[in-house]
Participant: 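Let me give you the structure first, and then I'll get to my questions.
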Amino acid sequence: IEFPEFDPIISKKILDYVQNHPDYSITKLTKDLNLTGSQLLILEYCTFIKKDVTPDKFNLRTRFKLNNTNDDIYGFEKSKFTGNKLDYSSRTYLAYNSFNSGLILDKDAGEPNTIDYLSAFVNYKNRYLNIIAGDFSYEIGMGNILWREFPDRKGIDVLAPTVRFGDGAIPYRSTLDFSLFRGLALDYNVIINSKSKILLSGFASKKQMSATYDSTNNLISSIYTMGLYRTETEKSKKNVLNETAFGGFMTYSWNNLNVGAGFLSLNYDYNIQSSSASAFVGKNGILKTFFANYIDTNFSVATEISLDANNNIGGKIGSVLDFNKLSLSIHFRTFDANFRSPYGRIFGEFSYPANELGLFSGLRYKMNKNNILSSYLDIFKTYGRTYNVDDIVHGFTFFTQYDYNLKRNLSGLLRLTYENKTDSKNQIIYQKQKYSLRTDFSYNITRNFFTRFRFEFCYLNFEQAIKDEIGIANFVELFYQLDGLKVFSRFSIYSTDSYDSAIWQYEYFINGTLYSFPAYLQGSRIIAGIKYDISNFLYLNFLYSNTSKNNSNTLSSGYDQILANYSNNFIFQIEVNFK
C-alpha cells in the first residue's frame, strides 16, 4: 500500500490482517489496528479487497476538464500570446485483463496548438512481469537518482516519507513535460522460493526536452520546466535538447529484507551548464546507487547511497519504530554541494538531492481513537551557498499538530510551526524566523450537511534586515450531499504584508486537481462547486472561483498579469467510469 499516512509497517499489518481475518471489514480493521480517521477515509475511498486477484475484465475511465476565464490578461491584451484562450486537459485510461493504457492531451491558454502536450503508454502487468511502452516514471530505492515527479514533503505525515521505498516502473500520468521517460521499461520477478526472489529491472528512453540554448557558447544554460509555450520566447525553448537514458537495476528479496543496486546513464546532444541544483551538469555520465530496506511488524529501516556522474556522494537512511499507540521516525540525509541527479527526489528542506545535510525526527502518539498528536523536528544546513543566498543556509523547523474529536459530529485540529532559516534580501543575510498557528474544526450539522472553519496566523521576523510581517487568513466551508449530488463552497478572507507572509490554502474539490492558492496582501476568495453523479458511470463537476484584492490595480505578474483587481475562473469537468 503506497498512500499518504501509510508507512511500510502499517501497510504490512493491514495486508497480514486481511489474510488472517476472512470476516474483515474496513471499519473492523481500522479499530483493531488503531488506525487514524484519515487512514480510514483513504482505505474507504481509495482501496478495495478482493479474494479473487484476477483484475476486472474491462474498465474505461476518461476525464475531460475545461478551464475558462474572461479576465483581461496582459499576454492576450498586448498580443504577446500566439494562441487563443482554450485551456483544457483530457485523460483516458483503458484496462483489459492484465493490460492497461493511457492517453493524456493538454493545452494551456495562450498556446497556439490545439494539442500542445501528448503523453501515452501501454502497460502489461502480472505477478512476474511489468512492461511499459510509452511514457513512464521510475522509482527505485529511496529516490536518490530516480523517483516520481512529486517528492514527499514535510508535514502532517511524519512517518511514511522517512522510509519510502520504490519498486520499479510506473505509467506516467502527469502533464509535466520534463520529468518523464519515453521508451520501454521492464521489471521481471524471478521467484526463487516462497521466501526469496530477484527483481530484474531496466529501461531505455529517448526524448526531447525544453531548455534555454546559449548559441554563443553552444551549450544549454538552463532546463525549462514551466511547461508553457505561449510567447515566441517560450516557444523557442521547446524541444531543443535531446536526451537518451538507460537504466538497469537488480533487487534481491529474502523474507522482509530487500537489497539492490543499479545505474542510470544520461546522454545529451549539448553540454549542460546550469546553476540549478536540479539540472544535470555536462554532456553525459552514469549515476550509480546501492539501496536496502527491512520491514517487520514493529520496525522498518531503509537506506540508499549514490554516486552522481562526477562521483559526488549522496545518501540517506530512515527508520520507523511502531509501539502501537506511539510511533517514532528518524531520517538522515547528506548530499554533496555538487551532487546532481535530475530525476532524483529527497525528503528534506529542499526537493532535489543536492547541497544538503539534515536530520529529521518525528512522532505520532495515538492517545485514543479521538486524540492524536503528531510532531517533528528537522535540523538542516547546506554544504555551500544556494542560488538565492550567497552563504551557507542553516536552520530548523519544529512542527506539532493535535487532532481531536470532541463528539461524533465535531472534530478539529490545532497546529503550531516554528521555522528558523538563513535568508537574504538586498544583499543582507539574516536568519528569518516564522511562527505559524492554524486552528481548524469541522461540524456535521446533519447527516448530509457539513461545515468547516479555519483560522491561520503567521508572524515573520527578519532580524531588522527589513520590517517584520504578519499574515492572517480565514475561511468557512459549507458542504451538502444527497444521493448523487454534492454542493460545496468556501469563502476566504486574508490580510498579509507581502508575498513573504502569504498563507497557502489547498483546494481539492475537483477530482484529479489540487490547486494551492497563495493568500497574500488584502482580499477575499470565493469558491463554489457542484458534483453530480448522473448515473453510476457518468459524473459532472463544476467549479467557480472569484479572487479580489483591495488596494491593488492588478493581480499576478508578468504575462499572466490580470488588468483588474479581481479574477473569475470557471472549471467544467466530465468523467466517465465504465466497467
Side-chain angles (χ1 to χ4, degrees), residues 2 119 121-125 128-151 164-174 176-190 197-209 223 241-253 258-269 272 278-293 302-316 335 339-346 352-354:
E2 286 195 29
S119 176
F121 71 86
V122 176
N123 179 212
Y124 174 82
K125 187 173 185 178
Y128 303 98
L129 180 65
N130 176 32
I131 183 169
I132 303 174
D135 293 347
F136 59 91
S137 57
Y138 216 88
E139 295 181 3
I140 205 73
M142 297 186 76
N144 287 0
I145 68 170
L146 285 170
W147 201 250
R148 68 175 75 97
E149 58 271 29
F150 298 108
R164 196 77 79 192
F165 207 79
D167 58 359
I170 304 170
Y172 195 73
R173 305 174 188 273
S174 173
L176 298 178
D177 66 351
F178 62 89
S179 60
L180 57 86
F181 292 108
R182 180 162 288 173
L184 184 68
L186 186 148
D187 302 322
Y188 182 67
N189 277 303
V190 181
K197 67 177 182 177
I198 296 176
L199 173 64
L200 301 175
S201 307
F203 71 87
S205 167
K206 189 175 182 63
K207 69 173 185 180
Q208 292 180 308
M209 300 179 65
I223 303 299
L241 179 65
N242 292 309
E243 177 195 80
T244 302
F246 301 95
F249 309 90
M250 183 174 74
T251 305
Y252 174 71
S253 301
N258 301 283
V259 179
F263 73 93
L264 170 64
S265 174
L266 296 173
N267 296 271
Y268 301 93
D269 57 351
I272 303 174
S278 63
F280 188 84
V281 175
K283 195 171 182 179
N284 54 66
I286 299 176
L287 294 83
K288 289 80 66 177
T289 191
F290 310 87
F291 47 84
N293 78 334
T303 185
E304 183 173 17
I305 305 296
S306 309
L307 300 173
D308 73 359
N310 293 309
N311 290 323
N312 297 301
I313 298 177
K316 50 187 152 180
F335 290 88
F339 190 93
R340 294 293 181 267
S341 178
Y343 293 100
R345 305 289 185 267
I346 67 169
Y352 293 100

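FYI, side chains are in, hydrogens and waters are out, and symmetry mates aren't considered; it's all heavy atoms of this structure.
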Participant: Please report the closest heavy-atom contact between I140 and G168, naming both atoms and the distance.
Facilitator: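 Looking at all heavy atoms of both residues, the shortest contact is CD1-N, 4.5 Å.
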
Participant: What's the separation between atom CG in D177 and atom OG in S119, rounded to the nearest 0.5 Å?
Facilitator: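 Output value for this atom pair is 10.0 Å.
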
Participant: Look at the side chain of D187 and the backbone N and O of A169, then say whether any donor-acceptor pair between them is shorter than 3.5 Å.
Facilitator: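 Indeed, once roles are kept as given, a pair shorter than 3.5 Å links the two residues.
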
Participant: Grab the two heavy atoms, one from I305 and one from G315, that are nearest each other, plus how far apart they are.
Facilitator: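 Closest approach of I305 to G315, heavy atoms only: CD1-CA, 4.0 Å.
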
Participant: Please find the pair of heavy atoms, one from M142 and one from K316, that lie closest to each other, and give the distance.
Facilitator: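 For M142 and K316, the tightest heavy-atom pair comes out as O-NZ, 3.0 Å.
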
Participant: Report the residues that fulfil ring-ring contact (aromatic ring centres under 6.0 Å, His included) with F178, sequence neighbours left out, ordered by chain and then residue number.
Facilitator: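 Once residues adjacent in sequence are excluded, F178 has no partner under the ring-ring contact (aromatic ring centres under 6.0 Å, His included) criterion.
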
Participant: Quick one: do Y268 and M209 satisfy side-chain contact (heavy atoms from CB on, under 4.5 Å)? Show the steps, please.
Facilitator: CA-CA 10 Å; Y268 301 93; M209 300 179 65; 3.9 Å; yes

Participant: Kindly write out the residues that satisfy salt bridge (charged side-chain N to carboxylate O under 4.0 Å, His left out) with R182, not counting sequence neighbours, or none if the list is empty.
Facilitator: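 Residues passing salt bridge (charged side-chain N to carboxylate O under 4.0 Å, His left out) with R182: D135.
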
Participant: What residues form a side-chain hydrogen bond (donor to acceptor under 3.5 Å, both in side chains) with D269, not counting sequence neighbours?
Facilitator: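 Result, side-chain hydrogen bond (donor to acceptor under 3.5 Å, both in side chains) vs D269: N242.
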
Participant: Going by the rule side-chain hydrogen bond (donor to acceptor under 3.5 Å, both in side chains), which residues pair with K197 if we only count those two or more places apart in sequence or in a different chain?
Facilitator: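 Scan of K197 (side-chain hydrogen bond (donor to acceptor under 3.5 Å, both in side chains), adjacent residues dropped) gives none.
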
Participant: How far apart are the closest heavy atoms of E149 and R345, and which atoms are they?
Facilitator: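 The answer is O-NE, 3.3 Å.
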
Participant: Among W147, F249, F246, Y172, exactly one meets ring pair (Phe, Tyr, Trp, His ring centres under 6.0 Å) together with Y138. Which residue is that?
Facilitator: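 Among W147, F249, F246, Y172, the one meeting ring pair (Phe, Tyr, Trp, His ring centres under 6.0 Å) with Y138 is F249.
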
Participant: For S306, check side-chain hydrogen bond (donor to acceptor under 3.5 Å, both in side chains) against everything at least two apart and list the hits.
Facilitator: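 So S306 forms a side-chain hydrogen bond (donor to acceptor under 3.5 Å, both in side chains) with N144, T289.
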
Participant: Nearest 0.5 angstrom please: L186 CG to N130 CG, how far?
Facilitator: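 With rounding to 0.5 Å, CG (L186) is 7.5 Å from CG (N130).
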
Participant: Taking the side chain as every heavy atom from C-beta outward, state whether E304 and F290 have any atom pair closer than 4.5 Å.
Facilitator: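 Answer no - side chains too far apart.
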
Participant: Does some side-chain heavy atom of I223 sit less than 4.5 Å from a side-chain heavy atom of F280?
Facilitator: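 Answer no - side chains too far apart.
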
Participant: Sequence neighbours left out, what passes side chain to side chain contact (heavy atoms under 4.5 Å, CB included) with K283? Give chain and number order.
Facilitator: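 Partners of K283 by the side chain to side chain contact (heavy atoms under 4.5 Å, CB included) criterion, ordered by chain and then number, come out as N271.
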
Participant: Could you pull out all residues at least two apart from I198 that satisfy side chain to side chain contact (heavy atoms under 4.5 Å, CB included)?
Facilitator: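 If we apply the side chain to side chain contact (heavy atoms under 4.5 Å, CB included) test to I198, skipping adjacent residues, the hits are V190, I192, L200, M250, Y252.
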
Participant: Could you give me the CA-CA distance, side-chain angles and deciding distance for F335 and Y352, then say whether side-chain contact (heavy atoms from CB on, under 4.5 Å) is met?
Facilitator: CA-CA 10 Å; F335 290 88; Y352 293 100; over 6 Å; no

Participant: Check the pair I272 / L241 against side-chain contact (heavy atoms from CB on, under 4.5 Å), numbers first and verdict last.
Facilitator: CA-CA 10 Å; I272 303 174; L241 179 65; 3.9 Å; yes

Participant: Restricting to non-hydrogen atoms, name the atom on K207 and the atom on L180 that form the minimum distance, rounded to 0.1 Å.
Facilitator: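 Smallest heavy-atom distance, with atoms named: NZ-O, 2.6 Å.
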
Participant: Mind checking what makes side chain to side chain contact (heavy atoms under 4.5 Å, CB included) contact with D308, not counting sequence neighbours?
Facilitator: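 Partners of D308 by the side chain to side chain contact (heavy atoms under 4.5 Å, CB included) criterion, ordered by chain and then number, come out as L287, N310, N312, F339, R340.
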
Participant: Looking at residues at least two apart in the chain, or sitting in another chain, which of them share a side-chain hydrogen bond (donor to acceptor under 3.5 Å, both in side chains) with K125?
Facilitator: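 None.
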
Participant: For the residue pair S137 and Y343, confirm or rule out a side-chain donor-acceptor distance under 3.5 Å.
Facilitator: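 There is no such pair (donor and acceptor under 3.5 Å, judged by atom type) between the side chains of S137 and Y343.
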
Participant: According to side chain to side chain contact (heavy atoms under 4.5 Å, CB included), who are the partners of Y124, at least two apart in sequence or on a separate chain?
Facilitator: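 Partners of Y124 by the side chain to side chain contact (heavy atoms under 4.5 Å, CB included) criterion, ordered by chain and then number, come out as S98, F99, N126, L129, I131.
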
Participant: Restricting to non-hydrogen atoms, name the atom on G344 and the atom on P353 that form the minimum distance, rounded to 0.1 Å.
Facilitator: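 Heavy-atom minimum between the residues: O-CD, 3.4 Å.
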
Participant: Can you sort out the partners of F136 under ring-ring contact (aromatic ring centres under 6.0 Å, His included), two or more places apart, ordered by chain and number?
Facilitator: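 F136: ring-ring contact (aromatic ring centres under 6.0 Å, His included) contacts with F181, F203.
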
